[in-house]
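Below is one structure; the comments refer to it alone.
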Number of protein chains: 2
Amino acid sequence: MDFYQQEHRTLVAVDSIIFGFNENDYELKLLLLKRNFEPAKGEWSLMGGFVTPNESLDEAALRIVQKLTGLENVYMEQLYAFGDPHRDPGGRIISVAYFSLIKINEYDKELVKKNGASWIPLSELPMLIFDHNDMVSIALRKLRIRARTQPIGFELLPKKFTIPQLQRLYEAIYQKPFDKRNFRRKVLTMGLLDKLEEKEKETSKKGAFYYQFNTAKYEELLRRGFNFEL
Amino acid sequence: MDFYQQEHRTLVAVDSIIFGFNENDYELKLLLLKRNFEPAKGEWSLMGGFVTPNESLDEAALRIVQKLTGLENVYMEQLYAFGDPHRDPGGRIISVAYFSLIKINEYDKELVKKNGASWIPLSELPMLIFDHNDMVSIALRKLRIRARTQPIGFELLPKKFTIPQLQRLYEAIYQKPFDKRNFRRKVLTMGLLDKLEEKEKETSKKGAFYYQFNTAKYEELLRRGFNFEL
DNA sequence: TCAAAAGTGTTTGTTGTACACCCATGG
DNA sequence: CCATGGGTGTACAACAAACACTTTTGA
């Protein structure tokens, strides 16, 4: 049954660029860890792991994110396959990078701590091993493209969020301020956010109404040829 | 020097979705071949090949396109890595798909014939082996996105082309007609096409002026933050 | 002389962008 | 009572979309 016996086989890994957003300090962050094995032990790295014989690439990527954060349902997208024969000095490894978006309040803090990982703001991104800095820039570029045309920003926020929170997220992603009147009009005229009775009262005295993304309505609109655009 | 001795290794291949455009019948085509080896011998397939130990993925993809067409300078872009463990019944193979755009009048016809390949219009796309039909749809989707925001359409045309030819190419890519006044205005106001003295007189009695894409000007504009958009 | 494709401008609607003031409330 | 962040509407410019006629010339 194996027709390709004589061909060369290589190590294949997945690496995950894990984004989170902190609503308190308004910063976009990455979950990074210090490698506890050779080569490059002690240096900053993305979470990664080898692909096992019976799992798909997507499954491998989910597995390693779950191993680090305990989360099962994370938004995840394949980014790019990196295959320079010398990218890892420890041997020839092809790595398929994925990026994932997680709600920063929901991950398993114990697990993250145990793995020696921490949230690093993008503004303080350290040197990473191998080509991991390239992976991060490509991920950031893709995130910026995606966030304009797909409703993925919501993956980084709690289920209930306020319009100002959403705006600060987009400002963090694009590193530039938006006009709050235009921003509010744009997100609300799409008709995909349900306004709740409840207000968020931590950040201001007046309080801001919570909203929720309406997934059902979004899928209905998609079927009718709707294009999300922010 | 090899730190990962005990890890599982897998076969890694590249597959290429090779697009061409025929200015005579106005059709977008794919270069496909009939497999001459098992498994799935005799069925339609994309051009592919295994990644060798000392080449990068990009190099492997270039190598197999060159092997089939004889062309050295082709536009090529990585598409997606396919890793379902059962995607190839002949064994577990991870395949990284690339799409490439070639000028349909410049390839080596002998070589293509020798390899048993032919140009198949997208409208007559047959069943392909494994997940190759998925690869083609993803490639087509990416081509449509790219062609709007990057000047890659020109990769599918000869150096000298007419505005009506360019329009027919875009109509083939997007499968819908464009208004010729709006189309012409849009491509010309970008200022990236140089008008030549010469006329193309095959397709009409009046003849249409040839134009050339000005790469230098495009790169200059890019540096100033210009965004191609069609 | 006519069929066939090339070439040309204007109008209208839509969308993006810029901009300043009032509101609610906890301290 | 005031500082802080939440919430609202309008005017102008830029761009997309719709639309019909004239030009050239080989057969």
Side-chain angles (χ1 to χ4, degrees), chain A residues 22-27 144 147-149 157-158 160-172 174 176-212 221 225-230, chain B residues 22-26 144 147-149 157-158 160-172 174-212 221 225-230:
Chain A
N22 190 321
E23 300 117 55
N24 302 315
D25 63 10
Y26 312 156
E27 283 224 69
R144 286 178 178 148
R148 273 201 209 284
T149 56
L157 292 174
K160 300 187 296 187
F161 53 85
T162 69
I163 306 289
Q165 277 173 356
L166 185 65
Q167 179 171 349
R168 287 189 292 261
L169 168 63
Y170 273 81
E171 290 176 339
Y174 294 107
K176 68 172 182 194
F178 293 98
D179 180 277
K180 63 178 175 172
R181 285 162 292 189
N182 295 339
F183 185 85
R184 178 180 291 266
R185 170 159 11 108
K186 216 165 178 185
V187 299
L188 290 180
T189 52
M190 286 190 305
L192 292 172
L193 299 188
D194 297 338
K195 186 175 184 173
L196 306 182
E197 295 300 314
E198 201 185 348
K199 273 190 168 183
E200 189 271 342
K201 311 259 311 176
E202 307 283 299
T203 40
S204 83
K205 291 154 187 168
K206 183 177 179 182
F209 281 104
Y210 276 119
Y211 287 78
Q212 238 177 319
L221 286 178
F226 167 82
N227 272 324
F228 182 92
E229 178 101 44
L230 220 153
Chain B
N22 190 321
E23 300 116 55
N24 302 316
D25 62 10
Y26 312 156
R144 286 180 176 145
R148 273 202 207 287
T149 56
L157 292 174
K160 300 188 295 187
F161 53 86
T162 69
I163 306 289
Q165 278 172 357
L166 185 64
Q167 179 172 347
R168 288 189 290 262
L169 167 63
Y170 273 81
E171 290 176 339
Y174 294 106
Q175 288 293 298
K176 68 171 184 193
F178 293 98
D179 180 277
K180 63 178 175 172
R181 286 162 290 190
N182 294 339
F183 185 85
R184 179 179 290 266
R185 183 187 17 248
K186 215 165 179 186
V187 299
L188 290 180
T189 52
M190 286 191 303
L192 292 172
L193 299 188
D194 297 340
K195 186 176 184 173
L196 307 182
E197 295 301 312
E198 202 184 348
K199 272 189 168 183
E200 190 272 342
K201 310 260 308 179
E202 306 285 299
T203 40
S204 85
K205 290 154 189 169
K206 185 177 180 184
F209 282 104
Y210 277 119
Y211 287 79
Q212 235 176 322
L221 285 178
F226 166 81
N227 272 324
F228 182 92
E229 179 102 41
L230 219 153

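Everything numeric here is computed off the predicted structure, so don't read it as measured data. For the numbers below, each heavy atom of this structure counts, side chains included, while hydrogens, waters and symmetry mates do not.
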> Given atom CG of A:N24 and atom P of D:dG5, what is their separation to the nearest angstrom?
Replying inline: 14 Å

> Rounding to a whole Å, what distance do you find between B:R184:CZ and D:dC21:C1'?
Replying inline: 15 Å

> Once you round it to whole Å, what is the distance between P of C:dT8 and CG of B:L188?
Replying inline: 8 Å

> Which sits closer to the 5' end of DNA chain D, B:E229 or A:K195, going by the nucleotide each is nearest to?
Replying inline: A:K195

> Are the side chain of A:K186 and the backbone of A:E229 linked by a donor-acceptor contact shorter than 3.5 Å?
Replying inline: no

>> Once hydrogens and angles are ignored, does a donor-acceptor distance under 3.5 Å link the base of D:dT10 to the side chain of A:R185?
In response: yes

>> Could you tell me how far apart A:L193 (CG) and D:dG7 (P) are, to the nearest whole angstrom?
In response: 13 Å

>> What is the separation between atom CG on A:L230 and atom P on C:dG16, rounded to the nearest whole Å?
In response: 10 Å

> Which residue, A:D179 or B:D179, contacts DNA chain C at a nucleotide closer to its 5' end, judged by nearest heavy atom?
Replying inline: B:D179

>> Is the phosphate of C:dG26 approached by A:K201 (side-chain N or O, under 4.0 Å from OP1 or OP2)?
In response: yes

> So, the side chain of B:Y170 versus the backbone of B:A147: is there a donor-acceptor pair under 3.5 Å, distance only?
Replying inline: yes

>> Need one value for A:K180: base, sugar-phosphate or nothing, where a base atom within 4.0 Å counts as base even if backbone is also close, heavy atoms only.
In response: base

> Cation-pi between B:R148 and B:Y174: NZ/CZ under 6.0 Å from ring centre and within 45° of the ring axis?
Replying inline: yes

> Given A:R181 and A:F183, is the side chain to side chain contact (heavy atoms under 4.5 Å, CB included) satisfied, shown in steps?
Replying inline: CA-CA 5 Å; A:R181 285 162 292 189; A:F183 185 85; over 6 Å; no

> Roughly how many Å is it from NZ in A:K186 to C1' in C:dT17, rounded to a whole number?
Replying inline: 10 Å

> Between B:S204 and B:N182, which has a closest nucleotide on DNA chain D that is more 5'?
Replying inline: B:N182

> Any N or O donor-acceptor pair linking the side chain of B:K206 to the base of D:dT25 at under 3.5 Å?
Replying inline: no

> Does a distance-only test, which skips hydrogens and angles, find a donor-acceptor pair under 3.5 Å between the side chain of A:R181 and the base of C:dA20?
Replying inline: yes

> Okay, side chain of B:Q212, backbone of B:L196: is any donor-acceptor separation there less than 3.5 Å?
Replying inline: no

>> Without decimals, in angstroms, what is the distance between B:E200 CD and D:dT24 P?
In response: 18 Å

> Whole-Å distance between D:dA16 C1' and B:R148 CZ?
Replying inline: 12 Å

